[in-house]
Amino acid sequence: MPMRKNGSPHSLRLRLFVRKALDFFFPRYCPVCEAMLAETEIGVCSHCVVKMPRYIEGIQYGLDRLNGDIYIDALHALFIFKDDGGVRPMIHALKYRGHAEVGEMLGRMAGRRYPMLSREYDLIVPVPLHPRKQRERGYNQALLIARGLSHVTGIPVCEALIRSTYTESQTGQSYVERKTTMTGRFALHSAAHPAGVRILLVDDVLTTGATVQAAAEPLAAASAAKIGVLVAAVTRRPSLRTLLSVAAE
């Protein structure tokens, strides 16, 4: 894979000058703490980012939520999604408040945290939104994360999936409810040919894993060589009471 060329010192100084000028007239603020962003900061200020709880597989156990009908090779994530720590307002700013730049920031962070991805995957596929929901939001946050990740890793992005059915927010639903809602909601784009390709599915938050499992179905059916998952955040592990209530359904 060809090496990405770094920008010249002159072009870097020019970009910083333009950013500083824009910030003077249109100041940018961190969506978490509302402090003014420095010219070198994108999305969320560094002060907030360093305090966010990191995801560590083996402690938070996100991968065990993907033990469904489709085999998922690996799960990569940046943060724990919980009430405190700043991750929740950051994700909500990306999804509901128009802070699209947060998506690219998260993708670039993931690329730096997981440099091995460029050796393990051939294609990045964002989990799509239904066209109606994308029009309402103005963008697909998973695609923004995917583009930031591609910028760092060099792995190309392909919008290989389409979301065929509109679904309302699944917040508060159990795994069984989400799985029922999401089954069959995704289809392969007619121009996509994933056979033999190592695919990294990208989404914003992993909760029960039902959405990612449903998105992986058409890729697996088309004989993708392997499917991994990368998300910006993983919700906290469900309590024993939650797991028992799901098992009883």
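Just so we're clear, the structure is a prediction, and the values are computed from it rather than from any experiment. Computed from heavy atoms alone, side chains included, the values below leave out hydrogens, waters and symmetry copies. When a residue number appears, it is its place in the shown sequence, counting from 1.
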Are the side chain of [X] and the backbone N or O of [Y] linked by a donor-acceptor pair below 3.5 Å?
X: E34; Y: Y29; result: no
X: R147; Y: V157; result: no
X: D122; Y: R198; result: yes
X: R108; Y: V152; result: no
X: Y114; Y: A77; result: yes

For I72 and Q213, run side chain to side chain contact (heavy atoms under 4.5 Å, CB included): C-alpha distance rounded to whole Å, both residues' side-chain angles, the deciding distance at 0.1 Å, then the answer. CA-CA 8 Å; I72 301 298; Q213 281 281 332; 3.7 Å; yes

How far apart are the closest heavy atoms of [X] and [Y], and which atoms are they?
X: P115; Y: R112; value: CD-O, 3.6 Å
X: A142; Y: V202; value: CB-O, 3.5 Å
X: V127; Y: R163; value: CG1-NH1, 4.4 Å
X: A146; Y: I124; value: CB-CG2, 3.6 Å
X: I227; Y: A220; value: CD1-N, 3.8 Å

Return a table of donor-acceptor pairs under 3.5 angstrom between the side chains of residues 81-92 and protein atoms on other chains or two or more places apart.
residue: D83; atom: OD1; partner: R88; partner atom: NE; Å: 2.9
residue: D83; atom: OD1; partner: R88; partner atom: NH2; Å: 2.7

Interatomic spacing from CG in L206 to CZ in R65 - rounded to 0.5 Å: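 Answer for the CG-CZ pair, L206 versus R65, is 5.5 Å.
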
Nearest 0.5 Å, please: how far is CZ in R185 from OG1 in T211?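 So the gap between those two atoms works out to 11.0 Å.
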
Is there a side-chain contact between E120 and K226, using heavy atoms and a 4.5 Å cut-off?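 When only atoms from C-beta onward are counted, K226 and E120 do touch, with a gap below 4.5 Å.
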
Between L94 and Y139, is any pair of side-chain heavy atoms under 4.5 Å apart?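 Side-chain contact under 4.5 Å: yes.
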
Candidate pair N140 and E159, rule side chain to side chain contact (heavy atoms under 4.5 Å, CB included), full reasoning: CA-CA 11 Å; N140 175 10; E159 297 183 68; 5.6 Å; no

Could you walk me through whether D203 and V229 satisfy the side chain to side chain contact (heavy atoms under 4.5 Å, CB included) test, starting with their C-alpha distance in whole Å, then the side-chain angles of each, then the deciding distance to 0.1 Å, before giving a yes or no? CA-CA 8 Å; D203 205 2; V229 172; over 6 Å; no

